[in-house]
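Below is one structure, written out as C-alpha coordinates; comments come after it.
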Amino acid sequence: MNLHDIVKGAIGAVNRHEMITLYRCTGVTNTKGKIIPSYVKSTLRAQIQRPSAADIELNERVARAKQSIKAWIDAPADVINRVSQSAGDIIQRADGTYWLIVGIKESYATEGWLSVLAVEQVEAPQGVIADGD
(Lines give C-alpha, C1' and ligand atoms only; values in the text may rest on other atoms or scores of the structure.)
Protein backbone atom coordinates (compact mmCIF):
# COMPACT_ATOMS: atom_id res chain seq x y z
CA MET A 1 0.00 0.00 0.00
CA ASN A 2 1.40 3.39 -1.02
CA LEU A 3 0.65 5.58 2.01
CA HIS A 4 2.44 8.51 0.43
CA ASP A 5 0.00 8.41 -2.47
CA ILE A 6 -2.89 8.56 0.01
CA VAL A 7 -1.62 11.59 1.96
CA LYS A 8 0.07 13.65 -0.75
CA GLY A 9 -3.15 15.52 -1.53
CA ALA A 10 -3.40 16.74 2.07
CA ILE A 11 0.31 17.56 2.19
CA GLY A 12 0.04 19.48 -1.08
CA ALA A 13 -2.73 21.64 0.41
CA VAL A 14 -0.24 22.88 3.02
CA ASN A 15 2.95 22.89 0.91
CA ARG A 16 2.28 22.84 -2.84
CA HIS A 17 3.90 20.19 -4.98
CA GLU A 18 6.47 21.34 -7.50
CA MET A 19 7.26 20.04 -10.96
CA ILE A 20 10.92 19.00 -11.17
CA THR A 21 13.21 17.40 -13.71
CA LEU A 22 15.02 14.36 -12.35
CA TYR A 23 18.29 13.54 -14.08
CA ARG A 24 19.11 9.87 -13.37
CA CYS A 25 22.78 9.04 -13.82
CA THR A 26 23.21 6.10 -16.19
CA GLY A 27 27.00 5.89 -15.84
CA VAL A 28 30.16 7.84 -16.42
CA THR A 29 32.80 8.03 -19.13
CA ASN A 30 36.45 8.68 -18.43
CA THR A 31 38.17 10.51 -21.25
CA LYS A 32 41.82 11.21 -20.44
CA GLY A 33 41.00 11.56 -16.75
CA LYS A 34 37.95 13.78 -17.24
CA ILE A 35 34.89 12.09 -15.74
CA ILE A 36 31.62 13.00 -17.46
CA PRO A 37 28.33 11.47 -16.26
CA SER A 38 25.46 10.58 -18.59
CA TYR A 39 21.87 11.26 -17.56
CA VAL A 40 18.33 10.31 -18.55
CA LYS A 41 15.76 12.93 -17.63
CA SER A 42 12.14 12.73 -16.56
CA THR A 43 9.64 15.30 -15.34
CA LEU A 44 7.67 14.57 -12.19
CA ARG A 45 5.96 16.09 -9.18
CA ALA A 46 7.84 16.47 -5.91
CA GLN A 47 7.28 17.78 -2.41
CA ILE A 48 10.17 20.09 -1.45
CA GLN A 49 10.95 21.20 2.12
CA ARG A 50 13.92 22.35 4.16
CA PRO A 51 15.58 19.46 6.01
CA SER A 52 15.30 19.16 9.77
CA ALA A 53 18.34 19.12 12.06
CA ALA A 54 18.06 15.31 12.25
CA ASP A 55 18.11 15.08 8.45
CA ILE A 56 21.26 17.19 8.25
CA GLU A 57 23.05 15.06 10.84
CA LEU A 58 22.50 12.07 8.57
CA ASN A 59 24.83 13.29 5.88
CA GLU A 60 28.12 15.14 6.19
CA ARG A 61 27.78 16.65 2.70
CA VAL A 62 24.42 18.17 3.60
CA ALA A 63 25.81 19.56 6.87
CA ARG A 64 28.53 21.42 4.97
CA ALA A 65 26.23 22.73 2.25
CA LYS A 66 24.89 26.25 2.43
CA GLN A 67 21.65 25.29 0.72
CA SER A 68 19.98 21.93 1.16
CA ILE A 69 16.52 20.49 0.63
CA LYS A 70 14.59 17.38 1.46
CA ALA A 71 12.37 16.12 -1.36
CA TRP A 72 9.76 13.41 -1.64
CA ILE A 73 9.65 12.06 -5.18
CA ASP A 74 7.63 9.39 -6.94
CA ALA A 75 10.60 7.81 -8.68
CA PRO A 76 13.77 5.91 -7.87
CA ALA A 77 16.93 7.97 -7.32
CA ASP A 78 20.55 7.32 -6.42
CA VAL A 79 23.45 8.96 -4.64
CA ILE A 80 27.09 8.89 -5.78
CA ASN A 81 28.15 5.25 -5.99
CA ARG A 82 31.65 4.37 -7.15
CA VAL A 83 30.88 0.65 -7.46
CA SER A 84 28.01 1.16 -9.91
CA GLN A 85 29.81 4.17 -11.45
CA SER A 86 26.92 6.51 -10.74
CA ALA A 87 27.73 10.19 -10.33
CA GLY A 88 24.55 10.78 -8.35
CA ASP A 89 21.17 11.91 -9.57
CA ILE A 90 20.28 15.56 -10.03
CA ILE A 91 17.06 17.45 -9.34
CA GLN A 92 16.38 20.58 -11.36
CA ARG A 93 13.75 22.75 -9.73
CA ALA A 94 11.29 25.00 -11.56
CA ASP A 95 13.46 28.03 -10.72
CA GLY A 96 16.33 26.49 -12.76
CA THR A 97 18.53 25.54 -9.80
CA TYR A 98 20.29 22.16 -9.71
CA TRP A 99 20.46 19.93 -6.63
CA LEU A 100 22.72 16.87 -6.20
CA ILE A 101 21.08 14.01 -4.31
CA VAL A 102 23.51 13.16 -1.51
CA GLY A 103 21.43 10.94 0.74
CA ILE A 104 18.30 8.85 0.86
CA LYS A 105 16.33 9.58 4.01
CA GLU A 106 13.44 7.15 3.48
CA SER A 107 13.12 4.56 0.75
CA TYR A 108 9.81 3.03 -0.17
CA ALA A 109 11.00 2.16 -3.67
CA THR A 110 8.79 -0.93 -3.80
CA GLU A 111 5.83 1.41 -3.22
CA GLY A 112 7.08 3.93 -5.78
CA TRP A 113 8.45 6.82 -3.71
CA LEU A 114 11.35 7.96 -1.58
CA SER A 115 12.64 10.90 0.40
CA VAL A 116 16.05 12.33 -0.52
CA LEU A 117 18.47 14.95 0.76
CA ALA A 118 20.05 17.22 -1.84
CA VAL A 119 22.52 20.11 -1.94
CA GLU A 120 22.43 23.02 -4.34
CA GLN A 121 24.98 23.08 -7.16
CA VAL A 122 26.62 26.29 -8.32
CA GLU A 123 26.11 25.47 -12.02
CA ALA A 124 24.61 22.79 -14.23
CA PRO A 125 26.53 19.56 -13.54
CA GLN A 126 28.75 18.04 -16.26
CA GLY A 127 26.61 15.87 -18.53
CA VAL A 128 23.42 17.90 -17.95
CA ILE A 129 22.67 20.28 -20.78
CA ALA A 130 21.14 23.49 -19.46
CA ASP A 131 18.42 25.60 -21.04
CA GLY A 132 16.19 23.36 -23.07
CA ASP A 133 18.45 20.34 -23.55
Side-chain angles (χ1 to χ4, degrees):
M1 175 190 288
N2 187 340
L3 295 177
H4 185 255
D5 210 25
I6 294 168
V7 300
K8 74 172 132 183
I11 294 168
V14 176
N15 183 29
R16 286 188 325 183
H17 288 83
E18 179 179 323
M19 294 306 293
I20 64 165
T21 302
L22 177 66
Y23 291 90
R24 294 215 10 112
C25 184
T26 58
V28 297
T29 56
N30 182 342
T31 306
K32 298 182 180 178
K34 186 173 183 176
I35 306 298
I36 300 175
S38 299
Y39 295 95
V40 172
K41 78 176 196 173
S42 59
T43 302
L44 51 112
R45 226 169 47 146
Q47 178 63 223
I48 308 287
Q49 297 178 10
R50 291 284 174 212
S52 68
D55 294 329
I56 291 172
E57 288 173 12
L58 274 177
N59 194 298
E60 181 181 330
R61 293 180 79 178
V62 173
R64 289 186 300 195
K66 291 185 180 182
Q67 294 291 331
S68 58
I69 59 171
K70 182 175 180 182
W72 285 262
I73 58 176
D74 295 331
D78 260 324
V79 297
I80 294 173
N81 185 325
R82 284 181 169 62
V83 175
S84 68
Q85 295 188 343
S86 170
D89 294 348
I90 303 288
I91 293 172
Q92 183 182 16
R93 294 184 68 182
D95 64 5
T97 57
Y98 291 92
W99 301 78
L100 174 65
I101 295 175
V102 295
I104 296 178
K105 173 74 174 151
E106 301 172 82
S107 178
Y108 293 92
T110 57
E111 299 299 327
W113 69 276
L114 54 99
S115 173
V116 299
L117 299 174
V119 294
E120 189 172 13
Q121 304 299 287
V122 176
E123 57 190 36
Q126 285 264 325
V128 172
I129 301 169
D131 299 321
D133 307 273

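In this chain, numbering begins with 1 at the start of the sequence shown.
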Original post:
For Cys25, does its backbone N or O pair with a side-chain atom of Asp89 as donor and acceptor, under 3.5 Å?
Top reply: yes
**OP:** Answer with yes or no whether the side chains of Glu120 and Tyr98 bring together a donor and an acceptor at under 3.5 Å.
**Re:** no
Subject >> Separation of Gln126 CD from Ile90 CD1 (nearest 0.5 Å) >> reply: 11.5 Å
**OP:** Evaluate the side-chain proximity of Arg24 to Tyr39: yes if any heavy-atom separation is below 4.5 Å, no if none is.
**Re:** no
**OP:** Take Ile69 and Gln49 through the side chain to side chain contact (heavy atoms under 4.5 Å, CB included) test and state the conclusion after the steps.
**Re:** CA-CA 6 Å; Ile69 59 171; Gln49 297 178 10; over 6 Å; no
Original post:
With side chains defined as the heavy atoms from C-beta onward, is the minimum distance between Ile73 and Leu114 less than 4.5 Å?
Top reply: yes
Original post:
Just how far is it from atom NZ of Lys70 to atom OG of Ser115, taken to the nearest 0.5 Å?
Top reply: 4.5 Å
Original post:
Passes side chain to side chain contact (heavy atoms under 4.5 Å, CB included), Leu117 versus Ile101? Steps please.
Top reply: CA-CA 6 Å; Leu117 299 174; Ile101 295 175; over 6 Å; no
**OP:** Decide yes or no on side chain to side chain contact (heavy atoms under 4.5 Å, CB included) for Met19 and Thr43, but give the supporting numbers first.
**Re:** CA-CA 7 Å; Met19 294 306 293; Thr43 302; 3.7 Å; yes
**OP:** Starting at CZ of Arg45, measure out to CH2 of Trp72 and round the result to the nearest 0.5 Å.
**Re:** 14.5 Å
**OP:** Kindly work out whether a path of hydrophobic side-chain contacts (I/L/V/M/F/W/Y, heavy atoms less than 4.5 Å apart) joins Ile104 to Leu44.
**Re:** yes
Original post:
For the hydrophobic clusters of this structure (ILVMFWY residues joined by side-chain heavy atoms under 4.5 Å, transitively), does one cluster hold both Val128 and Ile36?
Top reply: no
**OP:** Kindly compute the distance separating CH2 (Trp99) from OG (Ser68), expressed to the nearest 0.5 Å.
**Re:** 7.0 Å
Original post:
Do Arg93 and Glu18 sit within salt-bridge range, that is, some charged N less than 4.0 Å from a carboxylate O?
Top reply: yes
Subject >> Heavy-atom closest pair, residues Val116 and Ala77 >> reply: CG1-CB, 4.4 Å
Original post:
How far does CG of Leu22 sit from NZ of Lys41, to the nearest 0.5 angstrom?
Top reply: 11.5 Å
